[in-house]
There are 2 protein chains.
Amino acid sequence: MSDDRLSRVFAALADPTRRDIVRRLAVGDAGVGELAAPYDVSLQAVSKHVRVLEEAGLVSRSRDAQRRPCHLEPEVLDLMTKWIERYRQQAEERFSRLDGVLAELDQPEPLGEEGAAS
Amino acid sequence: MSDDRLSRVFAALADPTRRDIVRRLAVGDAGVGELAAPYDVSLQAVSKHVRVLEEAGLVSRSRDAQRRPCHLEPEVLDLMTKWIERYRQQAEERFSRLDGVLAELDQPEPLGEEGAAS
DNA sequence: CTAGTGTTCAACCATGTGGTTGACCAAGGC
DNA sequence: GCCTTGGTCAACCACATGGTTGAACACTAG
């Protein structure tokens, strides 16, 4: 069930702090301490945020001495984009058709539909 | 602060039921009753879900007799896509550069860098 | 006016989430 | 071995969220 995965990714990005972490990780990998520095919350809180991002598949982690560098995993972002774009395009396509219908109502003879509504 | 808006949209789509509602609204508008039918939760629960989507700016509503048809608003989806793509591309670009560096380490003379390491 | 249909409001409950603090584990530096 | 550095685990708290039920509202049809 990739449904659960999608839910976790959306939920992970629903938090402004976590979105900011993602934004910074897009620039380059970082340890929890570095990530925590700009925010005025405890290190543990940031550690939790990172764990949420990790469980959503958005970041992976490795070891470097005592540090646990966080690494942004862009594939999951692609998964989201695909989901969103699918329905956005579908909806906009529908609106285009609706616009067509409205235009047709404005001027009842749009083209040369030979059936003719004389 | 569009930050708050973005948080609400992501949070709204973090729920599978709400994502399914969005999926169905992409096909066409629907009232709360119709939306609720397939799910085995109460009508009130679905009404709440719709409200969340509405407050996130994902759906708008009108009146049609007693019914309150829900209408998918694709612009906000576009907002999300822009946010996601921005960092996905940034991250992938960074990885490409990293790949370049690694390739350079493999074969120290990639092109014709005229400084020459003869 | 009355009855019926579609939807929302209100109160409540269980669970999840973001935050805290304090203790603990892991890896190097000395 | 010992202490510092970087990070996690655990218990707890306040509050948000998804769910329920029952009453109320809005609007239409007789």
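Every chain is numbered from 1, with letters handed out A, B, ... down the list of sequences.
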Checklist line | Side-chain N or O of A/Arg63 closer than 4.0 Å to phosphate OP1/OP2 of C/dA27 | finding: yes
Check: Taking only N and O in the side chain of B/Ser42, is any of them less than 4.0 Å away from OP1 or OP2 of D/dG19?
Finding: no
Note to self: Check this one for me: any side-chain N or O of B/Arg18 less than 4.0 Å away from OP1 or OP2 of D/dG18?
What the structure shows: yes
Item checked: Of A/Asp64 and A/Ala11, the one whose closest DNA chain C nucleotide lies more 5' -> A/Ala11
Note to self: How many whole angstroms separate atom NZ of B/Lys48 from atom P of C/dC13?
What the structure shows: 13 Å
Next item on the list: Return the value, rounded to whole Å, for the distance between atom CG of A/Asp29 and atom P of D/dG6.
Entry: 17 Å
Next item on the list: Quickly work out the B/Gln66 CD to D/dG30 P distance and round it to whole Å.
Entry: 12 Å
Next item on the list: Quickly, which of B/Arg18, B/Gln44, B/Glu54 forms a side-chain hydrogen bond (donor to acceptor under 3.5 Å, both in side chains) with B/His49? Name it, please.
Entry: B/Arg18
Next item on the list: Round to a whole Å and report the spacing from CG of B/Asp40 to C1' of D/dT20.
Entry: 13 Å
Next item on the list: Figure out the CZ/C1' separation between A/Arg51 and D/dA10, and round it to whole Å.
Entry: 13 Å
Item checked: Interatomic distance, B/Arg68 CZ vs C/dT7 P [rounded to whole Å] -> 9 Å
Check: Side-chain N or O of A/Arg61 less than 4.0 angstrom from OP1 or OP2 on D/dG6?
Finding: no
Check: Between B/Arg24 and B/Asp29, is there a salt bridge with N-O shorter than 4.0 Å?
Finding: no
Item checked: N/O (side chain, A/Ser47) to phosphate O (OP1/OP2, D/dT8) under 4.0 Å -> yes
Check: Are A/Asp15 and A/Arg19 close enough for a salt bridge, meaning some N to O gap below 4.0 Å?
Finding: no
Next item on the list: Tell me which of A/Leu43 and B/Thr17 sits closer to the 5' end of DNA chain D, going by the nucleotide each one is nearest to.
Entry: A/Leu43
Margin query: Measure CG/A/Leu53 against C1'/D/dG7 and give the value in whole Å, please.
Written below: 16 Å
Check: So does A/Gln44 reach the base of C/dG22 with its side chain, donor to acceptor, closer than 3.5 Å?
Finding: yes
Next item on the list: Can you figure out which of C/dG19, D/dG18, D/dT8 approaches the side chain of B/His49 most closely?
Entry: D/dG18
Check: CG of B/Asp15 versus P of C/dT17: gap in Å, rounded?
Finding: 12 Å
Next item on the list: Could you tell me whether A/Arg88 and A/Glu85 make a salt bridge, using a distance below 4.0 angstrom between a side-chain N and a carboxylate O?
Entry: yes
Notebook entry, point to check: Parallel under 30°, tilted from 30 to 60°, perpendicular over 60°: which one fits the rings of B/Trp83 and B/Phe10?
Noted result: perpendicular
